[in-house]
Structure formats: C-alpha cells, structure tokens
2 protein chains.
Amino acid sequence: MRQERAARIKDVARIAGVSTATVSRTLSNPDIVSEETRRSVLAAVKATRYSANVAARNLRRQQAGGVLALAPNLANPFFSEILAGMSEALAERRLNLIVADTQFGGSSQLVQYADRSRADGLLILDSRLDPALFAGAQCPPIVQVCEEIEGLQSPRVVADNAGGAAAAVAHLVELGHTRIARLAGPPDNSLTRWRDAGFRRGMDAAGLSGRGDWHLTGDFSMESGRTAAARLLALPDRPSAIVCDNDEMACGLMSALIRSGIDIPGDIAVAGFDDIELSRHLTPTLTTVHQPRRRIGREAVRQLLLAIDGADVAERTVIPCTLVPRQSTLGREALSDQAAS
Amino acid sequence: MRQERAARIKDVARIAGVSTATVSRTLSNPDIVSEETRRSVLAAVKATRYSANVAARNLRRQQAGGVLALAPNLANPFFSEILAGMSEALAERRLNLIVADTQFGGSSQLVQYADRSRADGLLILDSRLDPALFAGAQCPPIVQVCEEIEGLQSPRVVADNAGGAAAAVAHLVELGHTRIARLAGPPDNSLTRWRDAGFRRGMDAAGLSGRGDWHLTGDFSMESGRTAAARLLALPDRPSAIVCDNDEMACGLMSALIRSGIDIPGDIAVAGFDDIELSRHLTPTLTTVHQPRRRIGREAVRQLLLAIDGADVAERTVIPCTLVPRQSTLGREALSDQAAS
DNA sequence: CTGAAAGCGCTAACAA
DNA sequence: TTGTTAGCGCTTTCAG
C-alpha cells in the first residue's frame with residue numbers, strides 16, 4: 001500500500017491525449033477548447049483525481065493565492081464574525097483567508113506579509129499597527145476594516161459608528177433621560193473617536209451637554225466595564241443612563257452594578273454597541289447598536305478584490321448600524337418574554 | 001513614482017558577489033557559509049529588502065507552507081481561542097494558519113484542501129465532516145482537535161471531557177445535591193458522548209441515578225438553553241441542580257430561569273462547561289469546567305508538526321480540565337465581590 | 001482550436 | 001565553503 005503520487009498536469013495530458021497547455025486551458029477557461037477535447041480532458045481529470053499544484057500556479061501567475069487578515073485578537077467574537085464573512089466572500093474567488101493575530105510574533109513577523117508574494121491583499125482590522133510596516137513598494141493592496149490607522153492611506157470599510165452612537169443617545173433622550181454618561185473605549189482608538197463624535201452630536205441635538213465626570217474610559221474588555229462600575233458608583237451625582245462603547249464593557253458594567261443593588265434600567269439605563277450574541281441573553285437584555293459584521297467582512301473583501309483588480313475603490317465605505325432597543329433601557333415589562341429581536 | 005519590482009534572489013546574489021545558491025544557503029542555513037560571505041549576503045538582503053518568493057520556495061520544496069484548520073463556526077469564541085493558540089504555535093515554524101469555516105462552501109470546497117500541495121497538514125475541529133473527504137492518498141497528516149470523527153483514524157487532541165463532567169457532578173454532590181439534571185449537547189456529537197460518560201460516572205460515584213425526564217438536549221447555542229429552560233420549568237418534579245454541556249447553553253438557560261423568577265442557585269444550581277470569558281461576568285457568575293483552549297491549540301499543532309515530520313504521534317492526547325466553582329452553585333455570598341478567578 | 005516551449009524564483013544535488 | 005545546474009508544475013505567449 002504505498003502512497004501514490006499526486007497526478008500532475010502531464011499525467012492528465014497523456015491520458016487525455018492532448019498537450020499540457022490544453023489541459024490548463026480546459027480547466028481555467030473551458031470555453032476556448034472544443035467540446036470533444038473538453039470532455040476527454042475532464043474525464044482524465046476525474047480519473048486521476050487531478051488538482052493543480054497551487055505553488056506552481058501561483059509562481060507562474062505571480063500571485064499569492066490568498067489574502068491576509070490582521071486582527072488584534074482572534075479570540076474576540078466581534079472579529080471572528082467579520083472574519084467569517086471575509087472567508088465566505090474570498091472562497092467565491094478561490095482565495096484563501098490567512099489570519100494573523102497581531103498580538104503575537106510582533107511586527108517583525110507581520111512585516112514579512114506586506115509582500116506581494118505572500119498575500120494578494122491585506123485586510124487590516126487593527127488600528128494600532130505602525131503604518132510604516134506597509135510603506136514598502138511591494139506591499140499588496142490594503143483595505144482597513146472597522147478601525148482606522150492614522151497615516152495609512154487606503155480604502156476603508158467601517159460601520160457608521162457616529163450614527164450608531166447618536167442613535168443610542170437619541171433613544172435615551174426619547175425615554176426622558178437627560179443625565180447621560182458615557183463609558184468610552186481607549187482614547188487613541190478610532191472607534192472611540194467616532195463614537196465620541198456621535199455621542200456629542202446626539203447630546204447637542206437634544207440640547208444636552210456632556211459632563212466631564214460622567215465620561216469614563218475602559219479598554220473594551222468586560223473587566224474594564226466591571227471596574228468602571230465602581231467609579232460610576234463613587235460619583236456624588238449619578239447619571240440616569242450610560243452609553244458604552246461596546247457590549248462587553250456594558251456587560252461587565254451591568255453585572256457589577258446589579259451586584260451592587262442597582263436596578264437596570266430603573267436606577268441607571270445602559271446601552272452598548274456591537275450587538276454581540278451575548279447581548280440578547282444578558283439579564284436584563286442589552287439595548288445596543290447592531291453592526292452587520294458579516295456584511296462588513298464581505299464588503300471589505302469586495303473592495304479589496306476591486307483594488308487587486310486595479311479598479312477604482314471607494315475611499316471610505318460606511319455600513320449603516322441599527323439601534324436594537326431591549327430591556328436595559330426599556331425595562332423588563334416592555335419586552336418581557338419576547339424572543340431575541 | 002513607478003512601483004519597483006521586488007528583488008529576487010538573483011539580484012541579491014549579484015550585489016553580494018556570490019551565487020544564488022549561496023544566498024539561499026545563507027538564509028536557510030547560515031552556519032554553513034563563511035562569516036564574511038554571510039555578512040555581505042545579509043547586507044545585500046537588507047539593501048534590496050529581499051524576501052524569498054513563497055510560491056517558488058514551496059514549489060521547489062514540494063510543500064504548501066501552511067496548515068488548514070477546519071472549524072464549524074469561526075464566530076464562536078470557543079473555537080477562536082483555540083485557533084489563536086494554533087496560529088501562535090505555527091508561527092514559530094513559519095507556517096501559516098489557513099482557516100476555513102465548514103459552514104460555507106460545503107464539502108466540495110473542502111475536499112480541495114485534502115491535498116498536500118494546498119496544506120501541509122489538517123487540523124479538524126468539526127466532527128460532522130465526512131471521513132471520506134480525507135481518505136485520498138494525497139491527504140496530508142491530520143490531527144483532530146476537541147471533537148472526534150468516527151471512522152477517521154488520526155491522532156486526536158482532546159480535553160478531558162469525561163473528567164470535567166464528573167468533577168462538575170462531584171462538586172454538586174458535595175454541596176448536598178442529589179437531584180441532578182443534565183442539559184446535553186446533540187447526541188451525535190463526540191463531546192456530548194464523553195460528557196455523558198463523565199456525568200454518569202460522577203452520578204454512579206455518588207450512588208445517584210440519572211432520571212430520563214431530567215435529561216434535556218440542546219445544540220450548544222444560547223437559544224437552545226433558553227428553550228430548555230421552558231422544558232425544565234414544565235417538569236412536575238424539578239431537579240435541584242443542572243449540569244450543562246457548555247457555557248452558552250447554561251447562559252441561555254440561566255437567563256430564562258431568572259426571568260421566570262427562579263433563584264440560582266437557591267432554587268436550581270447551574271454548572272456549565274468550557275469557561276468562556278462570559279461565564280465570569282454573568283449574574284450570578286457561572287460555575288463551569290475550564291478548558292485550556294490556547295493550550296489545546298498549541299498541543300494540536302505540536303502533534304501535527306510531529307506527524308508532518310514523520311515522527312511517532314500519540315494516538316490520543318488528553319488535556320486536563322479544571323472545575324471553576326462560582327456563584328451559580330455556591331451562591332452569591334460565597335464569592336460576592338471577588339474578582340474573576 | 002491546439003501544441004511547443006519558455007520560464008516564474010527558488011533549492012538541493014553534485015562537483016569543484 | 002562555494003558555484004553550476006537541473007527542475008519543481010504550471011500557465012501563457014507564439015506559431016501553426
């Protein structure tokens with residue numbers, strides 16, 4: 001039972017009684033060969049279970065056969081659904097998605113990838129990367145996704161972060177809140193900055209002004225939401241509502257507030273951002289801003305493929321977000337036993 | 001400003017005044033060239049920003065340069081942390097991790113990958129795949145991770161699912177519970193079967209017997225935990241504790257129970273499995289079985305690399321799990337304000 | 001519509 | 001220790 005060698009294009013050609021060029025043509029551009037030839041080649045392909053050697057094809061075509069996604073944290077469900085959308089969209093073009101976690105290996109590893117022979121394109125999801133990494137002449141086309149790196153010129157596909165944050169504020173205002181706090185992400189993060197702008201826009205529209213001591217900061221982790229709760233509770237003059245820059249912080253915050261005997265939304269209403277699956281299953285369920293993550297991933301790939309093909313690409317594609325009102329602002333009665341919406 | 005072509009090995013050789021073979025040797029095996037040569041080659045590499053063409057190298061070496069992971073759902077945080085561990089371990093060997101979501105493209109796509117020219121190895125995390133996909137002679141080495149496909153012979157790296165489930169039961173028994181129910185995963189899933197075995201082992205050890213009507217089934221989703229709660233509440237004779245086959249179901253279950261006015265753990269104690277990050281942040285925090293996911297990912301890669309190198313590989317590597325007692329079984333007082341443990 | 005042949009860039013066997 | 005050289009398997013001109 002020795003291991004049989006994989007068939008090469010030569011083998012297929014011999015069996016089909018044609019040249020290797022014809023086999024290649026049949027496979028990549030079936031319309032330009034005669035029907036008879038096509039039939040015999042395809043039969044030979046099937047008989048030999050032939051599948052083209054990827055390295056040889058890529059070498060010849062001077063391409064990499066895959067796209068690299070740089071994400072700050074693979075273990076984060078927010079990114080993973082975007083990656084799933086990317087993977088899906090790339091498969092249609094028979095391109096691989098190679099995923100690198102920027103937490104490891106450091107930039108020394110990453111710089112390797114900013115090279116056409118390794119990746120036909122780059123999808124960058126981490127705004128903390130140094131733009132200099134991608135400055136080389138041989139860097140493949142780039143699309144930035146969700147986050148934005150200052151000083152790296154490339155098309156961007158982002159959610160409507162400002163609009164989402166403004167909608168969250170408007171929702172609270174409509175419920176009668178005027179004392180609205182904010183739990184922001186890291187100040188140097190582009191998401192934070194856009195959501196900041198939206199928050200202020202929403203406040204302005206309602207004639208409200210933000211208060212400095214009601215501006216808390218976290219790092220997008222549940223843990224930082226937990227610690228923010230302590231700071232919130234220590235305030236002499238508490239807000240009646242708080243808008244968080246993501247669901248995970250909102251989750252950590254709510255959980256700590258509840259443990260301290262605070263009623264949500266009775267004492268403090270809470271809104272998040274992202275609409276991760278969890279948000280529907282918290283108690284109370286979390287009002288949040290839904291980002292269509294799969295669609296963002298697909299759209300980013302679409303733009304990248306355009307760029308790879310040398311077509312014109314929108315400098316900035318903004319994907320709309322939608323507010324999803326749930327119990328953490330409406331109260332339990334409003335939606336009591338309703339299924340996830 | 002025209003785009004400069006990437007340097008090839010020839011360019012480096014010319015600048016360093018040596019042959020291409022020497023450049024290649026300097027880069028892949030520096031010890032066998034003289035120090036002087038090495039210096040001039042490295043200088044030329046730096047000057048040209050040379051980086052070897054991956055496709056050419058792979059073609060010549062008859063390898064793929066990457067390993068493919070087949071996961072059922074990229075968007076699931078449980079898998080994503082394992083993938084992160086894999087990515088980390090592979091980077092040390094300069095191998096890519098290519099991730100494919102088995103939800104999309106169907107097996108027609110996947111079968112393409114069971115081929116040495118596309119992947120140097122396969123990491124299979126989805127037990128629902130057809131073993132026939134990997135039966136070809138040209139299929140690269142495989143390691144199954146976490147889940148197991150019946151009829152696919154290959155090394156496996158799995159958590160101690162039975163031991164974990166037994167520990168959860170033992171913990172409840174120690175707290176005085178004798179009426180213990182189970183919320184199981186899909187019956188055809190290997191995780192479910194191992195956890196089933198562990199559950200029974202734990203019950204037997206305590207002299208307890210499981211009851212048929214206390215055996216609920218879900219599909220590992222939060223949603224299925226939610227619906228299981230309704231069935232649990234409809235029972236004429238309720239258990240005092242329930243062991244769930246994963247944290248997400250436990251989360252959906254708890255959240256629905258609480259909404260129905262059930263006190264956890266006063267009325268019903270709940271234990272999960274996996275220890276996803278969320279579990280520490282639920283209210284009450286969830287007692288669960290911790291799986292060292294990153295380590296599982298790293299270990300799977302270690303075994304795969306051994307197999308690729310033709311070394312002997314353990315048929316089955318079992319990674320220990322540890323019980324993490326929290327409020328959902330102990331009560332809120334016990335651990336009230338303690339940080340995540 | 002098809003075949004011959006060049007060559008993508010690299011590594012490794014062999015020779016010196 | 002280094003250079004020469006063949007060739008990995010494929011695609012794509014260029015001829016016919």
Side-chain angles (χ1 to χ4, degrees), chain A residues 4-42 44-45 48-66 94 112 115-120 138 140, chain B residues 4-42 44-45 48-66 94 112 115-120 138 140:
Chain A
E4 212 175 323
R5 253 203 85 158
R8 286 142 303 167
I9 199 168
K10 242 197 218 168
D11 303 315
V12 179
R14 186 166 24 77
I15 291 175
V18 297
S19 71
T20 59
T22 298
V23 176
S24 176
R25 280 191 281 255
T26 307
L27 262 21
S28 61
N29 201 352
D31 297 338
I32 63 166
V33 301
S34 76
E35 196 184 327
E36 200 193 325
T37 309
R38 199 185 320 144
R39 248 203 304 273
S40 69
V41 168
L42 292 178
V45 165
T48 54
R49 293 154 84 348
Y50 171 74
S51 156
N53 179 300
V54 186
R57 166 183 296 160
N58 287 340
L59 174 58
R60 177 60 227 235
R61 288 202 182 147
Q62 298 283 81
Q63 61 165 30
R94 325 195 110 246
Q112 298 263 0
D115 177 313
R116 291 195 124 75
S117 98
R118 311 185 99 91
D120 295 315
Q138 297 133 38
Chain B
E4 212 174 324
R5 251 203 86 156
R8 285 141 303 165
I9 199 168
K10 242 195 213 168
D11 303 315
V12 179
R14 184 167 26 77
I15 292 174
V18 297
S19 72
T20 61
T22 297
V23 175
S24 175
R25 280 191 281 255
T26 307
L27 261 21
S28 62
N29 200 353
D31 296 338
I32 64 167
V33 301
S34 75
E35 196 182 326
E36 201 193 325
T37 310
R38 199 183 321 142
R39 249 201 305 271
S40 67
V41 168
L42 292 179
V45 165
T48 53
R49 295 159 72 359
Y50 171 74
S51 157
N53 179 299
V54 185
R57 169 184 294 162
N58 287 341
L59 174 58
R60 177 60 230 233
R61 288 202 182 148
Q62 297 283 80
Q63 62 166 28
R94 325 195 110 245
Q112 299 263 358
D115 177 313
R116 291 196 123 78
S117 98
R118 311 184 102 91
D120 295 315
Q138 298 132 37

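Just so we're on the same page: letters track the sequence lines, and every chain starts at 1.
- For the pair Q62(A) and dG9(C), the criterion of a side-chain N or O lying under 4.0 Å from OP1 or OP2 is met.
- The closest side-chain heavy-atom distance from P140(A) to D115(A) is not below 4.5 Å.
- Of the candidates dC1(C), dT11(C), dG3(D), dC1(C) carries the atom nearest the T37(A) side chain, counting heavy atoms from C-beta on.
- Rounded to a whole Å, the CZ atom of R39(A) is 16 Å from the C1' atom of dC1(C).
- For S24(B), no side-chain nitrogen or oxygen approaches OP1 or OP2 of dC10(C) to under 4.0 Å.
- Within the structure, a side-chain polar atom (N or O) of S34(A) is placed less than 4.0 Å from OP1 or OP2 of dT2(C).
- The side chain of V18(A) approaches dG3(C) more closely than any other nucleotide in the set dT11(C), dT12(D), dG3(C).
- For the pair R60(B) CZ and dT11(C) C1', the computed distance is 4 Å after rounding to whole Å.
- Between D11(A) and R14(A), at least one side-chain nitrogen of the basic residue sits less than 4.0 Å from a carboxylate oxygen of the acidic one, meeting the salt-bridge criterion.
- Comparing dC10(D), dG9(C), dT4(D) against the side chain of N53(B) picks out dG9(C) as the nearest.
- Whole-Å rounding puts the Y50(B) OH to dC10(C) C1' distance at 7 Å.
- Nearest nucleotide to the A21(A) side chain, out of dT11(C), dA4(C), dC8(C): dA4(C).
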Review point. Where do T37(A) and R25(A) land on the side chain to side chain donor-acceptor pair (under 3.5 Å) test, with the steps shown first?
Key: CA-CA 11 Å; T37(A) 309; R25(A) 280 191 281 255; over 6 Å; no
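- Across the protein-nucleic acid pair, L27(A) atom CG and dT11(D) atom C1' stand 12 Å apart, rounded to whole Å.
- Proximity of a side-chain donor or acceptor of N58(A) to a complementary backbone N or O of A64(A) within less than 3.5 Å is detected.
- Heavy atoms of S117(B) sit nowhere under 4.0 angstrom from any nucleic acid atom.
- Listed nucleotides: dC10(C), dG3(D), dC10(D). Nearest to the side chain of R25(B): dG3(D).
- Side-chain proximity of A56(A) to the nucleotides dG3(D), dT11(D), dG9(D) is greatest for dG9(D).
- In this entry the distance linking CD of Q63(A) with P of dG9(C) reads 14 Å, nearest Å.
- No side-chain donor from either of T20(A) and R8(A) sits under 3.5 Å from a side-chain acceptor of the other.
- As rounded to whole Å, 11 Å separates atom P of dT12(D) from atom CD1 of I9(A).
- A sub-4.0 Å separation between OP1 or OP2 of dC10(D) and a side-chain N or O of T20(A) is absent.
- Positionally, the nearest nucleotide of DNA chain D for V33(B) lies more toward the 5' end than for the other of R8(A) and V33(B).
- The separation between R61(B) atom CZ and dA13(C) atom P is 12 Å, rounded to whole Å.
- The distance between atom CG of L59(B) and atom C1' of dG7(D), rounded to the nearest whole Å, is 9 Å.
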